[in-house]
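Naming convention: chains lettered A, B, ... in sequence-line order (proteins, then strands); numbering from 1 in each chain. Side-chain atoms are counted along with the backbone in the values below, which use heavy atoms only and exclude waters and symmetry mates.
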Protein chains: 2
Amino acid sequence: MRRPGIKEVAEESGVSIKTVSRVVNGEASVHPDTRGRVLAAIERLGYVPNTAARSLKSGTAGGIGVVIDSLADPFFASLVSAIEARALVEGLSVLVATTGLDPERERSQLLNLIAGHQVAGVIFAPVADELPYLEPYRALTPVVAVDRPSPAHDSVVVDDYGATQLALRQLASFGHRRIAFYDQDERFLTVRRRFHGYCDLHEEFGMKLDPALVAWTVDGSLDYAAETQRLLGMDDPPTAFFASNTKAAIGLATSLHRIGRGDTAFIAFGDFSLADVLRPGVSCVDQDPFLIGNAAIERLLELRENPTTEPREWIVPTSLVQRGSGEIPAPIPITMEGILL
Amino acid sequence: MRRPGIKEVAEESGVSIKTVSRVVNGEASVHPDTRGRVLAAIERLGYVPNTAARSLKSGTAGGIGVVIDSLADPFFASLVSAIEARALVEGLSVLVATTGLDPERERSQLLNLIAGHQVAGVIFAPVADELPYLEPYRALTPVVAVDRPSPAHDSVVVDDYGATQLALRQLASFGHRRIAFYDQDERFLTVRRRFHGYCDLHEEFGMKLDPALVAWTVDGSLDYAAETQRLLGMDDPPTAFFASNTKAAIGLATSLHRIGRGDTAFIAFGDFSLADVLRPGVSCVDQDPFLIGNAAIERLLELRENPTTEPREWIVPTSLVQRGSGEIPAPIPITMEGILL
DNA sequence: CACGCACATGACAACGCTGTCAGGGGGCAC
DNA sequence: GTGCCCCCTGACAGCGTTGTCATGTGCGTG
């Protein structure tokens with residue numbers, strides 16, 4: 001009761017295993033009659049080529065690896081979805097692995113895929129800043145970073161700095177001068193870049209940068225509800241919020257609505273489902289995971305053809321989606337005497 | 001510039017390849033000193049065992065296949081996430097493939113994984129009702145169905161019929177007698193079971209089953225907004241909605257809120273992010289993807305140990321999450337004379 | 001001291017497939 | 001008729017690993 005191998009097919013159709021191999025791989029020089037007989041035998045036996053033997057022989061497997069933080073994150077789920085769709089067309093399988101943001105786990109997952117599975121390529125969201133252990137495989141396995149840049153590899157990212165400034169500029173144009181930066185997480189270069197955009201924008205508008213307006217993630221966690229309370233409870237509270245990532249956006253939206261402050265000016269970095277159902281709808285910088293995923297796998301396929309190119313960053317465009325929450329003007333400031341300034 | 005193989009390690013440490021193999025696989029009878037020398041060489045060379053050769057030799061790979069409708073669906077994304085987490089602990093890789101609900105694609109994906117990659121097991125959300133082509137592999141590769149049952153395999157599902165009735169019974173207890181069934185999709189056994197529960201409940205409460213209250217998905221699509229308009233525009237409109245799946249729930253919630261009817265009684269089958277942020281919060285039957293994913297992989301691991309057991313259905317519990325929308329009473333019916341009945 | 005046994009190690013084949021090379025047969029040109 | 005080439009086919013090795021079996025060494029026992 002063994003699975004039929006190329007040998008069984010050869011016997012069944014009365015040719016040598018090599019000819020079967022030729023038919024399976026669609027090589028030209030096989031007589032049509034022979035091809036027909038072999039195909040019939042394959043059909044009859046339900047033969048499926050053994051991937052392991054193939055990749056052992058060829059030294060590289062017909063799969064690509066995808067290494068991300070977590071599949072429970074909708075952004076990454078959609079990203080992988082886009083990659084998988086394109087990979088299917090190319091006849092490539094997809095191996096997913098997650099890091100949980102642990103650099104050591106990132107290392108073992110990457111090595112397992114590249115050196116162990118000998119995948120045809122890897123798309124990954126970098127955790128560690130440097131990945132020296134990938135050096136030996138540089139010439140053999142194409143690697144593309146997504147979402148976050150990796151200095152030694154091609155990266156597909158959005159213009160974090162610029163998009164953040166675009167969003168904040170809009171808030172500023174609606175009169176906001178105290179804008180909270182929700183969820184500054186030092187671990188991510190992306191977020192650091194967004195924060196950088198936030199800081200620089202203050203200069204541009206001559207606004208004072210108040211550290212108290214920044215919600216920090218420490219040790220990987222931030223209590224969204226408590227932080228929202230703290231910010232709104234300040235003597236001089238922010239009049240608008242900027243959420244630096246999707247998770248923070250959902251946390252912020254939830255806590256604002258819970259306490260009946262859903263009408264607070266608010267722009268999120270990253271779209272999320274139902275953002276348009278809330279009242280008001282949540283305006284956001286739309287960072288399309290499908291666009292990013294597609295760009296990444298296109299880039300990977302290209303690298304497979306031509307591995308000699310220098311690493312560079314590929315910027316995927318973002319757009320500012322206006323849904324209402326980002327167009328709420330700042331309250332008119334009132335002096336102690338109650339007179340408008 | 002080849003990747004080091006077991007041979008290079010053997011040479012480097014001055015032992016035979018077999019001994020290296022023993023060390024790598026943690027076999028007992030290796031002298032501590034030898035083990036140390038080999039481990040040092042492995043470290044020095046950065047040796048990683050070749051998965052292809054391993055699975056070629058052993059006839060089965062160290063990975064499990066997961067075949068689902070789509071990764072862009074948050075339910076399946078979380079499901080895969082749970083599976084991947086558990087697989088990592090077991091040292092198994094995860095190969096994801098999607099069907100897009102196409103039975104032919106399901107077939108090729110399953111065969112590719114089982115026969116081609118020779119995965120150690122498969123977890124899949126069945127599309128076709130029968131999968132005769134898996135018969136030859138029955139004894140070799142354990143297979144577990146999730147979300148939807150598959151007659152020939154172990155299945156991990158929720159009690160669709162019972163959970164639906166529980167939800168509808170609550171709506172009925174709040175006085176609703178005309179309840180719309182939103183998104184009846186014949187393609188899914190799960191949805192059929194939920195619809196069955198819906199129909200039977202009408203009998204139990206002596207309610208008339210009105211076909212006009214059922215929104216049908218035809219050819220895989222349903223215009224949620226238009227359907228909501230149609231239902232609410234009826235002469236005798238439904239006073240409550242039941243959404244039979246998450247996608248429908250989001251579509252329904254969105255269209256209800258868009259037209260200012262967010263206060264309509266509504267229970268969804270399947271939770272979704274932000275369901276608790278809407279006003280009122282969307283009550284739902286919570287079908288925990290992590291619970292289901294965990295149950296599925298546990299079952300798969302168990303089947304690997306003991307493949308002889310008879311296929312059966314494993315029911316994962318659901319809970320009814322009260323958030324407001326399911327506790328809205330039916331409007332009090334008024335006679336022509338304006339007198340309460 | 002001889003024997004047996006446990007322990008540590010190695011030689012070799014085989015897993016299923018493809019790349020290399022060789023060979024048989026038929027047609028065409030000289 | 002002879003030589004050549006092209007088309008089609010097959011024999012065989014080897015990819016990196018592990019299972020089987022064999023070998024060598026040292027120690028305890030009678």
Side-chain angles (χ1 to χ4, degrees), chain A residues 1-39 41-42 45-63 111-112 114-120 140, chain B residues 1-39 41-42 45-63 111-112 114-120 140:
Chain A
M1 189 60 167
R2 274 219 346 285
R3 334 188 182 205
I6 203 174
K7 218 163 159 181
E8 280 73 34
V9 177
E11 220 159 287
E12 177 82 7
S13 49
V15 296
S16 76
I17 56 169
K18 181 60 204 182
T19 300
V20 176
S21 168
R22 274 191 264 259
V23 171
V24 170
N25 292 289
E27 283 174 41
S29 65
V30 177
H31 192 91
D33 293 356
T34 316
R35 179 184 306 279
R37 281 214 320 283
V38 172
L39 286 175
I42 287 176
L45 297 175
Y47 166 74
V48 178
N50 181 323
T51 313
R54 254 190 199 178
S55 42
L56 175 57
K57 194 75 183 83
S58 67
T60 152
L111 284 179
N112 175 37
I114 296 177
H117 285 277
Q118 306 197 146
V119 291
L140 301 164
Chain B
M1 189 60 166
R2 273 216 349 283
R3 336 189 178 201
I6 205 172
K7 219 164 158 181
E8 279 73 36
V9 178
E11 220 159 286
E12 176 81 7
S13 49
V15 297
S16 76
I17 56 168
K18 181 61 204 183
T19 300
V20 177
S21 169
R22 275 192 263 260
V23 171
V24 170
N25 293 288
E27 284 174 40
S29 65
V30 177
H31 193 90
D33 293 356
T34 315
R35 179 184 307 277
R37 281 214 318 286
V38 172
L39 286 174
I42 287 176
L45 296 175
Y47 165 73
V48 178
N50 181 323
T51 313
R54 254 189 199 179
S55 41
L56 174 58
K57 193 74 183 87
S58 66
T60 152
L111 284 179
N112 176 37
I114 296 177
H117 285 277
Q118 306 197 147
V119 291
L140 300 164

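Rounded to whole angstrom, the span from the CD1 atom of I6(B) across to the P atom of dC12(C) amounts to 17 Å. Rounded to an integer number of Å, the gap from CD of E27(A) to C1' of dT9(D) is 12 Å. Spacing between atom CD of Q118(B) and atom C1' of dC17(C) amounts to 12 Å, rounded to whole angstrom units. The distance from atom CG of N50(B) to atom C1' of dG14(D) is 14 Å, rounded to the nearest whole Å. To the nearest angstrom, P of dG10(D) lies 15 Å from NZ of K7(A). K57(A) places its NZ atom 18 Å from the P atom of dA14(C), with the value rounded to the nearest Å. For the pair Y47(A) OH and dG16(C) P, the interatomic distance rounds to 10 Å; values are reported in whole Å. Rounded to an integer number of Å, the gap from L56(B) CG to dC17(C) P is 9 Å.
Looking at R3(A), its side chain does come within 3.5 Å of a backbone N or O of I114(B) through a donor-acceptor pair. Distance alone, capped at 3.5 Å, is enough to place a donor-acceptor pair between the E8(B) side chain and the G5(B) backbone. Between the side chain of Q118(B) and the backbone N or O of A61(B), no donor-acceptor pair lies under 3.5 Å. Judged by distance alone, the side chain of T51(A) and the main-chain N or O of G116(B) form a donor-acceptor pair under 3.5 Å.
For the pair V20(A)/V15(A), a side-chain contact is recorded, criterion being any heavy-atom separation below 4.5 Å from C-beta on. The shortest side-chain heavy-atom distance between R54(B) and N25(B) falls under the 4.5 Å cut-off.
Listed by first and then second residue, the salt bridge (Lys or Arg N to Asp or Glu O under 4.0 Å) pairs that reach into residues 12-25 of chain B are E12(B)-R44(B), sequence neighbours excluded.
Of all non-hydrogen atoms in A120(B) and T60(B), the two that sit nearest each other are CA-OG1, 4.0 Å. Residues I6(A) and I17(A) share a closest heavy-atom pair of CD1-O, 3.5 Å.
Against DNA chain D, the stretch residues 15-23 of chain B makes heavy-atom approaches under 4.0 Å through I17(B), K18(B), S21(B).
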Would you tabulate the nitrogen or oxygen pairs shorter than 3.5 Å linking the protein to nucleotides 4-8 of chain D?
none

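The shortest distance between the side-chain N/O atoms of R54(B) and the OP1/OP2 oxygens of dT18(D) is below 4.0 Å.
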